[in-house]
Amino acid sequence: QVQLVESGGGLVQPGGSLRLSCAASGSSFRINTMGWYRQAPGKQRELVAAITSGDTTNYADSVKGRFTISRANAKNTVYLQMNSLKPEDTDVYYCNAVLGQVDYWGKGTLVTVSS
């Protein structure tokens, strides 16, 4: 199966930036869709951004213009550049990959936006 390894979370002040990375391993086949979700305590998981193998992107309205998702050309790796961060962005961020009919999830990385 595919394993996802996330990195880049941490503590940042409002208005600051972070870059999340997610590397997929365990499969030599290119994953069709990868994305980032976030989940706050007591809330449902929500889509932040997604990108297809054709580089079509989709963003939540709350992050449009601030976050950018991208994908490495030669690796099953996805990045999320987060700029102009707000306290409302504080969440655990989860990497997601879709291969066939199976969803794969990372363990999550915590992003905290606070003064």
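Treat the numbers as computed from the prediction; the structure is a model and nothing was measured.
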**Asked** Considering all heavy atoms of both residues, which atom of A50 and which atom of L47 are nearest to each other, and what is their separation?
**Response** CB-CD1, 4.1 Å

**Request:** Please test V48 against L80 for side chain to side chain contact (heavy atoms under 4.5 Å, CB included), starting from the C-alpha separation and ending with a verdict.
**Result:** CA-CA 9 Å; V48 178; L80 185 67; 4.2 Å; yes

**Request:** Might you point out which heavy atoms bring N83 and S17 nearest each other, and give the distance in Å?
**Result:** OD1-OG, 2.8 Å

**Asked** Where is the tightest heavy-atom contact between G108 and Y94, given as atom of each residue plus distance?
**Response** CA-CD2, 3.6 Å

**Asked** Which atom pair, heavy atoms only, marks the closest approach of A97 to M34?
**Response** CB-CG, 4.2 Å

**Request:** Report yes or no: does S21 contribute a side-chain atom to a donor-acceptor pair with the main-chain N or O of Y79 at less than 3.5 Å?
**Result:** no

**Request:** Could you check T56 against I51 for side chain to side chain contact (heavy atoms under 4.5 Å, CB included), going step by step and ending with a plain yes or no?
**Result:** CA-CA 5 Å; T56 299; I51 186 168; over 6 Å; no

**Inter-residue atom distance S62.OG - D89.CG, 0.5 Å rounding** = 7.0 Å

**Asked** Within a strict 4.5 Å, meaning less than it, do heavy atoms of the L99 and N32 side chains meet?
**Response** no

**Request:** State, with a plain yes or no, whether a side-chain heavy atom of T112 is found less than 4.5 Å away from one of V12.
**Result:** no

**Smallest separation among heavy atoms of V111 and M82, with atom names** = CG2-CE, 3.9 Å

**Request:** Look up atom OG1 in T77 and atom CZ in R71, then write down how far apart they are to the nearest 0.5 Å.
**Result:** 9.0 Å

**Message:** Under the criterion ring-ring contact (aromatic ring centres under 6.0 Å, His included), I'd like the reasoning laid out for W36 against F67: C-alpha separation, chi angles, the key distance, then a yes or no.
**Reply:** CA-CA 11 Å; W36 290 95; F67 292 8; over 10 Å; no

**Item:** Electrostatic pair K64:D61 at N-O distance under 4.0 angstrom
**Value:** yes

**Item:** Path from V78 to Y37 over hydrophobic side-chain contacts below 4.5 Å
**Value:** no

**Request:** Report the distance from atom OG of S70 to atom CG of D55, rounding to the nearest 0.5 Å.
**Result:** 9.0 Å

**Asked** Looking at A24 and V2, what are the two nearest heavy atoms and their distance?
**Response** CB-CG1, 3.9 Å

**Request:** Kindly say whether Q39 contributes a backbone atom to a donor-acceptor pair with the side chain of E46 at under 3.5 angstrom?
**Result:** no

**Fill in**
In short, ring-ring contact (aromatic ring centres under 6.0 Å, His included) pairs touching residues 44-66 with sequence neighbours left out are none

**Request:** Mind checking the SG-OH spacing from C22 to Y104? Nearest 0.5 Å is all I need.
**Result:** 13.5 Å

**Prompt:** What distance separates N58 CG from T52 OG1, expressed to the nearest 0.5 Å?
**Reply:** 10.0 Å

**Request:** Mind checking salt bridge (charged side-chain N to carboxylate O under 4.0 Å, His left out) for D91 and listing every partner two or more places apart, or none if nothing turns up?
**Result:** R38

**Message:** Using the rule that Ile, Leu, Val, Met, Phe, Trp and Tyr join whenever any side-chain heavy atoms are under 4.5 Å apart, tell me whether V92 and W105 fall into a single cluster.
**Reply:** yes

**Request:** Could you check if a side-chain atom of P87 sits within less than 4.5 angstrom of a side-chain atom of S114, using non-hydrogen atoms only?
**Result:** no

**Request:** Mind running side chain to side chain contact (heavy atoms under 4.5 Å, CB included) on E6 and C95 for me, showing each step along the way?
**Result:** CA-CA 7 Å; E6 302 147 321; C95 181; 3.3 Å; yes

**Message:** For D103 and N96: C-alpha separation, side-chain torsions, deciding distance, then whether side chain to side chain contact (heavy atoms under 4.5 Å, CB included) applies.
**Reply:** CA-CA 7 Å; D103 282 338; N96 168 254; 4.0 Å; yes

